[in-house]
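Notes for the one structure printed next.
In what follows, chains carry the letters A, B, and so on, assigned in the order in which the sequence lines appear, proteins first and then strands, with residues in each chain numbered from 1. Note that these values count all heavy atoms, side chains included, but never hydrogens, waters or copies made by symmetry.
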There are 2 protein chains.
Amino acid sequence: MKRHLKKINALIENFDVETELALQSVSKTKKYKKGEFLLYQGEICKSSFWIEEGITRKYYMNDKKEVTTELLFKHDLAVAFSSYVSNQPSLEFIQAITDVTVSCIDKNSFRNIKENHPHLIQLDLLMTEYYAMWLEKRLFEFHTLNAIDRYKLLLLEQPDFIRHIPLTYIASYLGISLETLSRVRTKI
Amino acid sequence: MKRHLKKINALIENFDVETELALQSVSKTKKYKKGEFLLYQGEICKSSFWIEEGITRKYYMNDKKEVTTELLFKHDLAVAFSSYVSNQPSLEFIQAITDVTVSCIDKNSFRNIKENHPHLIQLDLLMTEYYAMWLEKRLFEFHTLNAIDRYKLLLLEQPDFIRHIPLTYIASYLGISLETLSRVRTKI
DNA sequence: TTTGGCATTTGACTTAAGTCAAATAATTAG
DNA sequence: CTAATTATTTGACTTAAGTCAAATGCCAAA
């Protein structure tokens, strides 16, 4: 996964000036306050959000309960993927859980500039591959680890981030109840 | 998801003859007997397998138990994705569960011809998007459905599954024990 | 600095699904 | 066709995690 991020960075480093400008031309800086929504469930996701600062999460409602699907930090890309790709209403919300600054990239404009900038379609592919690998990893962890071990792994992989996030979100991200998470924490 | 498959097909229909030939030049028909392996755990996945005929599955071992990650049918693409993308040893086996015929596409050759055939990188992107959406859907189903409903959904979406596939594989694909699956089946 | 509202923990109980063992049923090989 | 093997079902019991309710901790605004 890390290796793949390096590939992505290497590609971006090698962008020619034109490509860089094109990308800038379709990007727009936006700011959201803690608690505000970058995307609502039911909306079609028409842009991707490159996190410049702060933390966001993706989640959906199931049975009046929130299921957090992803936690996104500085230099992550927040998108309601299926909605973005297939132009269908999003099942997910995207919400700022701290004040955030994002670089908002319009989807249609990005599609347009991809035509003339081969590096950009490569970037798109690499990012999508990265996301698919991340999803595979997440599925794998749900199948092979119990609540305790999933929490331990999260601590291991994202130690500092976890500090700033309410346990409710972490529990729902780990797919366990808040109470179970609380109990897990005492056992570590 | 269906809409996305249509996009993929539309793209393939519109391939120019050169692209088509290039693709053929890196493809090679192979046959496997029931039970044989297209890929072993630990191998680096250096090709993708387009299923022409038959059924395969992807699975890994966890605690001496098999976890089936994907069942693949005619016109599906079987790849150990993370291994393929990041050149790391595969955690997964790919196994023929009936006699199968596949069109085996060499990864490096495919990467080479992508350079000169822009349609092919578009194809790559669309296929990867499709896989990522499928993974999202699978995660969603694990989080929102219990054993009974996951089985019902499988019956609904892939009725032909059940006919040709031993229950052990179906159970491990649904993430439940064989016994639970057996009990679920009586309750339908 | 107090108060009201979240966030977290703790306790008692329930439940979905797993495990282990054994009994049938269905295929396959000889 | 029959034995052997493999697949599936059934039963009794266990367990990880969920639920509901209450207690405690913690911060932020008045």
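- Base contact: B/L178 has a heavy atom under 4.0 Å from a base atom.
- The distance between atom CG of B/L181 and atom P of D/dA7, rounded to the nearest whole Å, is 14 Å.
- The distance from atom NZ of B/K64 to atom C1' of C/dC20 is 15 Å, rounded to the nearest whole Å.
- Rounded to whole Å, atom P of C/dT28 lies 14 Å from atom NZ of B/K33.
- Closest to the side chain of A/E179, out of D/dA21, C/dG18, D/dT8, is D/dA21.
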Step-by-step salt bridge (charged side-chain N to carboxylate O under 4.0 Å, His left out) determination, A/R138 to B/E136: CA-CA 10 Å; A/R138 193 159 152 81; B/E136 272 198 348; over 6 Å; no
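- Between A/S182 and the phosphate of C/dT9, there is a side-chain N or O to OP1/OP2 separation shorter than 4.0 Å.
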Test salt bridge (charged side-chain N to carboxylate O under 4.0 Å, His left out) applied to A/K137 and A/E157, step by step: CA-CA 13 Å; A/K137 179 169 182 290; A/E157 292 185 341; 3.0 Å; yes
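- In this structure, B/T144 contributes its side chain and B/F140 its backbone to a donor-acceptor pair below 3.5 Å.
- Proximity of B/R185 to the phosphate of D/dT8: no side-chain N or O atom is located under 4.0 Å from OP1 or OP2.
- With DNA chain D read from its 5' end, the first of the two nearest nucleotides for A/I176 and B/T168 is the one closest to B/T168.
- In this structure, B/R150 places its CZ atom 11 Å from C1' of C/dA16, rounding to the nearest Å.
- Between D/dT19 and A/K65, a contact under 4.0 Å exists linking OP1 or OP2 to a side-chain N or O.
- Side-chain N/O atoms of A/S177 include none lying less than 4.0 angstrom from OP1 or OP2 on D/dA17.
- One atom, NE2 of A/H164, and another, C1' of D/dC27, lie 18 Å apart when rounded to the nearest Å.
- Residue A/K187 contributes atom NZ, which lies 16 Å from atom C1' of C/dT8 at whole-angstrom precision.
- For B/T180, the listed nucleotide lying nearest its side chain is C/dG18; candidates were D/dT8, C/dG18, D/dA17.
- The pair B/D124-B/K114 meets the salt-bridge criterion, with a side-chain N (NZ, NE, NH1 or NH2) lying under 4.0 Å from an Asp/Glu carboxylate O.
- Using a cutoff of 4.0 Å between basic side-chain nitrogens and carboxylate oxygens, B/E53 and B/K74 are scored as salt-bridged.
- For the pair A/Y169 OH and C/dC6 P, the computed distance is 12 Å after rounding to whole Å.
- An OP1 or OP2 oxygen of D/dT9 is reached within less than 4.0 angstrom by no side-chain nitrogen or oxygen of B/R183.
- Look at CD1 on B/I148: it is 14 Å from P on C/dT15, rounded to the nearest Å.
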